[in-house]
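By convention in this document, chain letters (A, B, ...) are assigned in the order of the sequence lines, proteins followed by strands, and residues within each chain are numbered from 1.
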Amino acid sequence: MGKLLTLQARVIGSLVLRETRASFGTSQFGYLWAIVTPAASVAVLVTIFTLIGRQPPFGQSLALFFATGILTLEFFNKLSNTLMASFDANKALLTYPLIQETDAIFARVILISATYLLVFVLFYGGLVLLGLSSMPTFPEVVIQAFAATALLGFGFGTVNAVIVSLWDSWLHIERVLTRPLFFLSGIFYIPSNLPPEAIAILEWNPVLHLVEWFREGFYPNYESTVLSKTYPLGLAVGLILFGLAGERLYRKKRV
Amino acid sequence: MIELVNVSKSYTLKGVRKQILDGLSYRFPKDRNVAIMGRNGAGKSTLMRIIAGTEQPDSGRVYRSVKVSWPLGFAGGFNGSMTGLENVRFVSRIYGQDTERVIDSVQAFAELGASLNLPIKTYSSGMKARLAFGLSMAIDFDCYLIDEITAVGDKNFKLKSQQVFTDKLGHSQIIMISHSASAIKTYCDCGLFLRRDGIYFYDDIDHLIADYNRDLT
């Protein structure tokens, strides 16, 4: 058992290093882009909204309010998209009997989560340094929200990967279906202030709950009437189980 | 020891079902080098992937109690955008080898020089094959699975690989697919013949080659 665990750790560790090289190019500078790009795209949006003269929907900082929304969504999307392409991208790896396709999935989850951890620290750290935000009031809540986002992205991406392996049009359909998340996840507004009819629909979106979760961690008095922590967590666990079971069930069919 | 118990494998492509293996049970003899022969499409490579574990049988079990290599063929497992060196590092890491030792050994064997620092996609097929072969020989396996690889490279490389191979044979076993009677005769002492009507074991290699040649004509 111990031997198997070391083997598993060794394989996943090697895959993480390989994925780093493969997805961020061979230069050290390549990895820098992976951190700069999400941070820069949020910065651009924030600048535009500031120039238009929008008031922050909550608190003093427009930047912080958007960041809690957009960065969360970006993290979730990145995980889900990368995992979805995982089976196809890693066919060559299956030459080596030691590597299972699930190892490639785990490696991608670890790599992207570690990358976004860095993005989060740099971006929020930058906001604090620029005086656009104060330190999160409940750091432990922020960490929980981060972990929940990682789990949901892991589950959602794995299920998508299995569906894509059976029906490749899903790749495009999924893109179309998840595009509205940008508007449905409470990025520009406070979900609790919406009319009850809107909430009744929007609260089905798990990403919205993750955004609210982050905000409760950052602000001292952000009281969300919408947030349910068990919903995104339960969904994440369910999707992970469903995705991994699907991977095992259809493994022979895929080859 | 490698043993197949009641292994079946079929493919269905565009509604056409092809049964490759049907209830094969076979225990590979210990300390003997086994040839796998058969016509194109007989299922030799599929059998080898099942032995290696890169492919799952539809039913049945495969038991391995020794360290078996991946099927050594024409450089399948390399990532084209990564350099030769990075690919070598990756493989030696997953097999828990001393990375530096493997690199030295590959460098000495494959003679790629500075090309080792270039992405694999810039390699010629001969260079790729040299790298793949050198890499697999640098890692110690109890059993090497070889899929037609001895046919690559120029004369110098062939001589070199023969040498390494003969060294390996001292303490490792090989299972080899080849259409070349001379390669089979050099390295193997028994074999499996995959025919349309079933799979036959030959204890005597000359007998196998004779039957294989007769089947072709």
Side-chain angles (χ1 to χ4, degrees), chain A residues 2-31 33-34 85-108 110-111 165-166 246-255, chain B residues 2 8-13 45-46 48-60 62 64 67-97 99 117-121 128 132 135-136 139 141 143 145 147:
Chain A
K3 227 175 154 185
L4 280 177
L5 280 178
T6 6
L7 173 68
Q8 179 85 13
R10 206 169 70 205
V11 166
I12 292 179
S14 325
L15 279 170
V16 170
L17 288 172
R18 179 192 170 105
E19 284 281 328
T20 314
R21 279 298 159 116
S23 36
F24 304 119
T26 37
S27 66
Q28 312 265 285
F29 204 63
Y31 189 71
W33 280 117
S86 174
F87 291 155
D88 219 30
N90 290 308
K91 276 215 168 106
L93 284 179
L94 299 181
T95 314
Y96 307 106
L98 289 183
I99 304 175
Q100 296 290 332
E101 280 177 317
T102 41
D103 294 330
I105 288 194
F106 297 147
R108 287 183 166 201
I110 292 171
L111 175 60
S165 71
L166 299 171
E247 190 280 332
R248 183 64 192 90
L249 217 58
Y250 291 106
R251 189 179 290 166
K252 285 175 195 165
K253 262 199 175 165
R254 252 196 331 269
V255 181
Chain B
I2 302 169
S8 295
K9 180 80 192 177
S10 66
Y11 290 108
T12 310
L13 254 184
S45 297
T46 304
M48 192 157 268
R49 283 199 298 274
I50 286 176
I51 296 169
T54 49
E55 199 155 328
Q56 309 287 321
D58 293 341
S59 62
V62 181
R64 298 173 210 92
K67 209 170 160 188
V68 181
S69 79
W70 68 91
L72 312 178
F74 296 113
F78 290 138
N79 178 324
S81 59
M82 279 166 38
T83 68
L85 200 61
E86 284 165 354
N87 275 290
V88 169
R89 279 210 192 100
F90 172 70
V91 176
S92 48
R93 266 192 214 117
I94 58 172
Y95 281 100
Q97 303 283 312
T99 315
N117 290 315
L118 294 177
I120 295 280
K121 62 187 170 204
K128 261 188 261 184
L135 174 57
S136 54
I139 300 173
F141 291 109
C143 177
L145 305 175
D147 193 344

Considering only heavy atoms from C-beta outward, does the side chain of A:L93 approach that of B:F90 to under 4.5 Å?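 In contact.
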Taking every non-hydrogen atom, the tightest pair across [X] and [Y]:
X      : Y     : value
B:P71  : A:T95 : CD-O, 3.8 Å
A:P97  : B:S69 : CG-O, 4.4 Å
A:L98  : B:I94 : CD1-O, 3.5 Å
A:R251 : B:Q56 : CD-CG, 4.5 Å

Enter the distance from B:R89:CZ to A:R18:CZ here, rounded to the nearest 0.5 Å.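 It is 13.5 Å, given to the nearest 0.5 Å.
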Given that the side chain runs from C-beta out, which part of B:P57 has a heavy atom under 4.5 Å from chain A: side chain, backbone, both or neither?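 The backbone, not the side chain.
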Atom group of A:L7 that falls short of 4.5 Å from chain B, counting heavy atoms: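 For A:L7, the side chain is the part near chain B, not the backbone.
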